[in-house]
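The model shown is predicted, which means the values in this text are computed figures rather than measured ones. Within every chain, numbering begins at 1; the chains are lettered A, B, ... in the order of the sequence lines, protein sequences first and strands thereafter.
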Protein chains: 2
Amino acid sequence: MSFPPHYRTPRARSRVEAAGAESRAKAVRVAIELFSTAGYRGTSIALVAEKAGLSQSGLLHHFPSKAALLMAVLEHRQAEDSRFLTGNDDRPPLGWAAFDALTGLVARNSQRPELVGLFVRLSAEAIEPAHPAHSWLSDHYTSTRSWLTDAIQAGQNSGEIHPDAPVTALVRLTVAVLDGLQQQWLLDPDSIDMVGEFTTFVAGLRAQWHLTPDRS
Amino acid sequence: MSFPPHYRTPRARSRVEAAGAESRAKAVRVAIELFSTAGYRGTSIALVAEKAGLSQSGLLHHFPSKAALLMAVLEHRQAEDSRFLTGNDDRPPLGWAAFDALTGLVARNSQRPELVGLFVRLSAEAIEPAHPAHSWLSDHYTSTRSWLTDAIQAGQNSGEIHPDAPVTALVRLTVAVLDGLQQQWLLDPDSIDMVGEFTTFVAGLRAQWHLTPDRS
DNA sequence: GTCTATATTTTGATAGAC
DNA sequence: GTCTATCAAAATATAGAC
């Protein structure tokens, strides 16, 4: 629900402005859908325009370039799925609760193939430093890892996660599992139960690193 | 070392034939390098030709289409890295030895960023059913999973892996970890030790599912 | 805000000479 | 086997009317 500032105008919007905002929003939705299957490079702005009911130039009125359209898409995605992990506006889940939150994220993702496809496609494309989404991708991984690292360390401090747990490796592996399951799921959605597999993974972690809270 | 049949001619090759084979091989090497960073869609055959020291038409003499070039690349990769897991020409490793073999594969991959990049890029691109490498990708996952499934079940039968181990999930998770670690490694190679992380993963599996062989 | 028209590049592929 | 020349299509982007 967080739109760019200039769309939350306090005064009433004219018909034209409303139509403009709708065109823009529809273009972003269409772009997500197309980027998620054909990727950024594989999608032409002409096709986005067509499916959004606009001419190519009409689309480029809202987004000065294709890269600008991609940025709008990324912002929209971040808005849509953000604060799912960090908690709505309370504090982020800590310790094992963080893994439960991740499980919830997987459950939500398994009903949103477009968002998963978008992420998987862009993750591969944007490895290239010159890609317009490269720094977005780097930031995504950095912040995800930092979020999970903090949560695990908090769990160690509170005594629910074993102090010997290899934090860095657990973070890397958890992120890898999330990404890897998405890849397999996209390739053949019916053959794999992402939530089930991730739950199994977390159960293994708990079996190895869980500690009963010790209030000495 | 397994080249397509028509390159293992028993008779001596003429100069022209030898030059032709070299151009072709060089083109494949260059294509791997470019596909691995810019992807298939993001790489023009003109650029491949230039870096291979050929004109565009000269390249297209060897590969009638861009898709044909991709196929040659995939065959080359399969030849290069194949039989690493299935054993050189003896039987494939079974039980925990399969995971050790995978660790070896990770170690080898961490010295071949081009091959890893190629795979990661194509894995994302070729999710699309219309992509020329789509069925190659499906086959890759199917055969990898089947290889690992067989190895784990053999380990259960021989008594070194716990019979309650959830085979399907372990296979899915192991493949996910392999893929996911590669993604993170490509994005920032120096920040992650793929072999170390994968070893930690396998150690966790052993801790949970290892059984001392029981010769009752 | 949206359109038509157009400019410019790039791309994959073909024809035909050597 | 390799090259030059060329084509047709597609893609990003701009100019300017309404």
Side-chain angles (χ1 to χ4, degrees), chain A residues 3-4 6-7 9 11-31 34-35 37-73 125 128 130-133, chain B residues 4 6-7 9 12-31 34-35 37-73 125 128 130-133:
Chain A
F3 291 95
H6 53 288
Y7 284 113
T9 71
R11 61 184 171 78
R13 293 177 304 185
S14 74
R15 266 237 193 69
V16 172
E17 279 174 326
E22 269 177 38
S23 284
R24 189 191 155 97
K26 178 160 192 179
V28 169
R29 283 198 306 274
V30 168
L34 293 175
F35 288 173
T37 56
Y40 172 69
R41 281 201 141 115
T43 301
S44 69
I45 51 179
L47 185 60
V48 175
E50 184 195 319
K51 295 220 173 192
L54 280 174
S55 73
Q56 188 187 185
S57 309
L59 177 67
L60 285 175
H61 167 73
H62 296 284
F63 313 94
S65 71
K66 193 187 179 185
L69 172 60
L70 176 59
M71 290 313 172
V73 162
E125 275 187 12
E128 213 178 351
H131 193 283
Chain B
H6 53 288
Y7 283 113
T9 70
R13 294 178 305 186
S14 75
R15 267 238 192 69
V16 172
E17 280 173 325
E22 268 177 38
S23 284
R24 190 191 153 97
K26 177 160 191 179
V28 169
R29 282 199 305 274
V30 168
L34 293 176
F35 289 172
T37 56
Y40 173 70
R41 280 201 141 113
T43 301
S44 70
I45 51 178
L47 185 60
V48 175
E50 183 196 319
K51 295 222 175 191
L54 280 175
S55 72
Q56 189 188 184
S57 310
L59 176 67
L60 285 176
H61 167 75
H62 296 284
F63 312 94
S65 72
K66 195 187 178 185
L69 172 61
L70 176 59
M71 289 313 171
V73 162
E125 277 188 12
E128 214 178 351
H131 193 283

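Note that OH of B:Tyr40 and NZ of B:Lys66 are 5.0 Å apart. Values are rounded to the nearest 0.5 Å. Expressed to the nearest 0.5 Å, how far NE2 of A:His61 lies from CG of A:Leu54 amounts to 10.0 Å. A distance of 4.0 Å separates CD in B:Glu125 from NE2 in B:His131, rounded to the nearest 0.5 Å.
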Compile the donor-acceptor pairs under 3.5 Å between side chains in residues 41-53 of chain A and protein atoms, sequence neighbours left out, one pair per line.
| unit_1 | atom_1 | unit_2 | atom_2 | d |
| --- | --- | --- | --- | --- |
| A:Arg41 | NH1 | A:Glu128 | OE1 | 3.0 |
| A:Thr43 | OG1 | A:Leu34 | O | 3.3 |
| A:Thr43 | OG1 | A:Gly39 | O | 2.7 |
| A:Ser44 | OG | A:Leu47 | N | 3.2 |

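Pairing each heavy atom of A:Leu70 with each of A:Pro132, the nearest pair is CD2-CG, 3.8 Å. Here the shortest heavy-atom pairing between B:Ala72 and B:Val28 reads CB-CG2, 4.1 Å.
Between the CG atom of A:Leu47 and the P atom of D:dA9 there is a distance of 18 Å, given to the nearest Å. Nucleotide C:dT11 holds its C1' atom 12 Å from the OH atom of B:Tyr40, rounded to whole Å. Atom pair A:Ile45:CD1 and C:dT2:P shows a separation of 16 Å (rounding to whole Å applied). Residue A:Glu50 contributes atom CD, which lies 14 Å from atom P of D:dT12 at whole-angstrom precision. In this structure, the CG atom of B:Leu69 is 15 Å from the P atom of C:dT11, given to the nearest Å. C:dG12 atom P lies 15 Å from atom CZ of B:Phe63, rounded to whole Å. Computed from coordinates, the B:Arg24 CZ to D:dG1 P distance equals 10 Å when rounded to whole Å. Straight-line distance from the NZ atom of B:Lys66 to the P atom of D:dA9: 19 Å, rounded to whole Å.
The side chain of A:Leu60 approaches D:dA13 more closely than any other nucleotide in the set D:dA13, D:dG1, D:dA11. Listed nucleotides: C:dA13, C:dT11, C:dG1. Nearest to the side chain of A:His62: C:dG1.
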Report each atom pair, protein N/O against N/O of nucleotides 3-5 of chain D, whose distance is under 3.5 angstrom.
| unit_1 | atom_1 | unit_2 | atom_2 | d |
| --- | --- | --- | --- | --- |
| D:dC3 | OP2 | B:Ser55 | N | 2.7 |
| D:dC3 | OP2 | B:Ser55 | OG | 3.0 |
| D:dT4 | O4 | B:Ser57 | OG | 2.6 |
| D:dA5 | N6 | B:Ser57 | OG | 3.2 |

